[in-house]
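Below: the structure, in structure tokens.
Just the heavy atoms: all of them, side chains too, but no hydrogens, waters or symmetry mates, feed the values below. First the proteins, then the strands, lettered A, B, ... as listed; each starts at 1.
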2 protein chains.
Amino acid sequence: MEQTPARLTAKPSWLLGQLAVHAHRLASDGFGGVGARGYHYRILAALDEFGVASQAELGRRCSMDRSDVVAAINELAEQGLVERTPDPDDRRRNMVTLNTAGERQLRRMDRALDKVQDDLLGPLPAEDRQTLTRLLTQLLTHHQRGEYRLPEAVPPVTSRPRRTRRHG
Amino acid sequence: MEQTPARLTAKPSWLLGQLAVHAHRLASDGFGGVGARGYHYRILAALDEFGVASQAELGRRCSMDRSDVVAAINELAEQGLVERTPDPDDRRRNMVTLNTAGERQLRRMDRALDKVQDDLLGPLPAEDRQTLTRLLTQLLTHHQRGEYRLPEAVPPVTSRPRRTRRHG
DNA sequence: TGTGTATCGTTGGCGATGCCAATGTTGGAG
DNA sequence: CTCCAACATTGGCATCGCCAACGATACACA
């Protein structure tokens with residue numbers, strides 16, 4: 001491996017990003033083996049843990065955009081892992097249900113993902129794994145403060161401006 | 001924020017991935033303010049630290065694919081931040097050079113990125129920051145073992161199979 | 001010297017994730 | 001009844017990572 005700029009290797013954001021790439025690769029390989037991807041796992045897990053839910057709820061619980069939930073549910077339903085039925089009590093909503101095949105798939109993905117954690121944490125002793133998990137949880141919690149806040153006063157005018165390419 | 005499945009929040013790979021998303025958002029915002037993106041920073045940093053290089057070298061140093069280096073250099077050159085000249089000693093190669101405008105841009109991005117680290121590490125005391133950095137570095141190093149290894153014996157037949165969508 | 005292999009830059013393409021805007025429907029508050 | 005909010009859907013885009021194929025060039029070795 002040729003040398004990587006110290007400007008990069010010294011930055012937590014770089015370490016985090018690159019390590020996340022490795023983690024994602026491991027997970028993708030595991031999921032790919034059962035014909036799924038990350039979004040599918042999130043939704044199956046949320047359904048298993050909290051039961052039937054609307055797509056909007058799933059999106060909030062899984063940190064996914066509504067439109068991405070639509071696509072993922074399409075795929076899961078196509079594979080017969082979940083069912084999407086209109087909610088009779090609120091006709092705007094769909095009720096998404098995990099079925100038996102979905103539970104089986106979830107268990108498969110669980111096993112794959114457990115192996116991923118081991119590969120990912122590789123050489124780290126148990127204590128370090130715990131420390132790392134604690135620090136990451138702490139930071140993630142910090143950065144999630146205020147997400148999905150109820151619309152209080154005026155909807156803020158400052159939406160993050162779309163980054164537009166200046167070239168190419 | 002609605003509840004996130006424990007299956008997710010308990011997994012280091014999830015924490016890592018989600019936190020990386022936040023980090024990427026912070027960095028993108030900072031870079032976007034100066035009309036750049038992550039790939040540009042990597043290349044400018046590598047050029048500043050190691051001097052003129054071929055595109056292939058840049059790719060290896062920055063963990064980027066050759067083809068992505070081409071695109072990034074196109075953009076950087078278009079903005080007048082680097083120069084791309086054929087290498088007279090090896091006509092397969094281009095020599096990529098950082099120029100003054102590029103150095104200025106790099107300094108701007110450095111400042112933006114420094115702020116990102118602070119935002120990212122948010123509430124963490126110095127000691128925890130150091131611990132986190134150490135653990136991440138350790139893991140990243142572990143997962144990079146054997147990347148870009150020289151072609152020793154037979155090139156292994158087992159390339160990671162392309163994950164192909166089974167639906168949609 | 002010639003031939004085969006490796007490297008290099010380039011083009012073109014794809015998947016995964018994270019977003020956003022617009023649209024039409026429906027619920028609910030006032 | 002009206003207006004606003006939430007919902008599902010469609011369609012689009014940016015970033016990042018990656019791969020295959022191509023033609024040009026360098027190089028090792030027979």
[X] [atom1] - [N] [atom2] separation (whole Å):
{"X": "Ile73(B)", "N": "dT11(C)", "atom1": "CD1", "atom2": "C1'", "value": "16 Å"}
{"X": "Met64(B)", "N": "dT15(D)", "atom1": "CE", "atom2": "C1'", "value": "11 Å"}
{"X": "Glu75(B)", "N": "dG9(C)", "atom1": "CD", "atom2": "P", "value": "17 Å"}
{"X": "Leu26(B)", "N": "dG18(C)", "atom1": "CG", "atom2": "P", "value": "15 Å"}
{"X": "Arg61(B)", "N": "dC8(C)", "atom1": "CZ", "atom2": "P", "value": "12 Å"}
{"X": "His22(B)", "N": "dT15(D)", "atom1": "NE2", "atom2": "P", "value": "19 Å"}
{"X": "Arg37(A)", "N": "dC14(C)", "atom1": "CZ", "atom2": "P", "value": "16 Å"}
{"X": "Gln55(A)", "N": "dT26(C)", "atom1": "CD", "atom2": "P", "value": "16 Å"}

Decide yes or no for [X] and [Y]: does some side-chain heavy atom of the first lie under 4.5 Å from some side-chain heavy atom of the second?
{"X": "Asn99(A)", "Y": "Val82(A)", "answer": "no"}
{"X": "Arg42(B)", "Y": "Arg61(B)", "answer": "no"}
{"X": "Leu136(B)", "Y": "Leu16(A)", "answer": "yes"}

Hey, are Gln55(B) and Arg93(B) close enough side-chain-wise for a donor-acceptor pair under 3.5 Å?
-> no

Out of dA8(D), dT15(D), dT10(C), which nucleotide sits closest to the side chain of Arg93(A)?
-> dA8(D)

Taking only the side-chain heavy atoms of Ser54(B) (C-beta and beyond), determine which of dG9(C), dG18(C), dT10(D) contains the nearest atom.
->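 Taking heavy atoms from C-beta onward, the closest nucleotide is dG9(C).
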
Ignoring hydrogens and angles, answer whether the base of dC19(D) and the side-chain atoms of Asp65(B) contain a donor-acceptor pair closer than 3.5 Å.
->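 Indeed, a donor on one side and an acceptor on the other fall under 3.5 Å apart.
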
Considering only heavy atoms and no angle criterion, is a donor-acceptor pair shorter than 3.5 Å present between the side chain of Ser67(B) and the base of dG12(C)?
->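 By the distance-only test, yes, there is a pair.
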
For Asp68(B) and Gln18(B), take the nucleotide of DNA chain C holding the closest heavy atom to each; which residue's nucleotide lies nearer the 5' end?
->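 It is Asp68(B), whose closest nucleotide lies nearer the 5' terminus.
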
Given [N], is OP1 or OP2 found less than 4.0 Å from the side-chain N or O atoms of [X]?
{"X": "Asn74(A)", "N": "dA8(D)", "value": "no"}
{"X": "Arg42(A)", "N": "dG18(C)", "value": "yes"}
{"X": "His24(A)", "N": "dG17(D)", "value": "no"}

Determine whether Leu15(B) and Leu124(B) fall in the same hydrophobic cluster, where Ile, Leu, Val, Met, Phe, Trp and Tyr are linked whenever their side-chain heavy atoms lie under 4.5 Å apart.
-> yes

Name the nucleic acid region contacted by Gly38(B), choosing base, sugar-phosphate or nothing; use a 4.0 angstrom heavy-atom cut-off, strictly under.
->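 If one applies the 4.0 Å heavy-atom cut-off, Gly38(B) turns out to touch the sugar-phosphate alone, with no base involved.
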
Within the structure shown, what part of the strands sits under 4.0 Å from Glu57(B) by heavy-atom distance: base, sugar-phosphate, or nothing?
->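 Answer is nothing: Glu57(B) stays at 4.0 Å or more from every strand.
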
Quick one: salt bridge (charged side-chain N to carboxylate O under 4.0 Å, His left out) pairs with a partner in residues 5-16 of chain A, sequence neighbours left out?
->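 Those involving residues 5-16 of chain A are Arg7(A)-Asp48(B), Arg7(A)-Asp110(B).
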
Filtered N/O pairs between nucleotides 22-26 of chain D and protein, under 3.5 Å:
residue	atom	partner	partner atom	Å
dT25(D)	OP1	Arg91(B)	NH2	3.0
dA26(D)	OP1	Arg91(B)	N	2.8
dA26(D)	O4'	Arg92(B)	NE	3.4

Can you list the steps and then say if Glu75(B) with Arg37(B) is a salt bridge (Lys or Arg N to Asp or Glu O under 4.0 Å)?
-> CA-CA 10 Å; Glu75(B) 293 154 6; Arg37(B) 58 193 178 100; 3.1 Å; yes

On DNA chain D, check which nucleotide each of Ala71(A) and Val21(A) is closest to and give me the residue with the more 5' one.
->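 Looking at the nearest nucleotide for each, Ala71(A) comes out on the 5' side.
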
Backbone N/O of Ala56(B) and side chain of Arg66(B): donor-acceptor pair under 3.5 Å = no

Are any side-chain N or O atoms of Thr133(A) and backbone N or O atoms of Pro12(B), one a donor and one an acceptor, separated by less than 3.5 Å?
-> no

Above 12 or not: heavy atoms from other molecules or residues under 6.0 Å from CD of Gln130(A)?
-> no

Interface with DNA chain D, restricted to residues 114-121 of chain B and to heavy atoms under 4.0 Å =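 The answer is none.
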
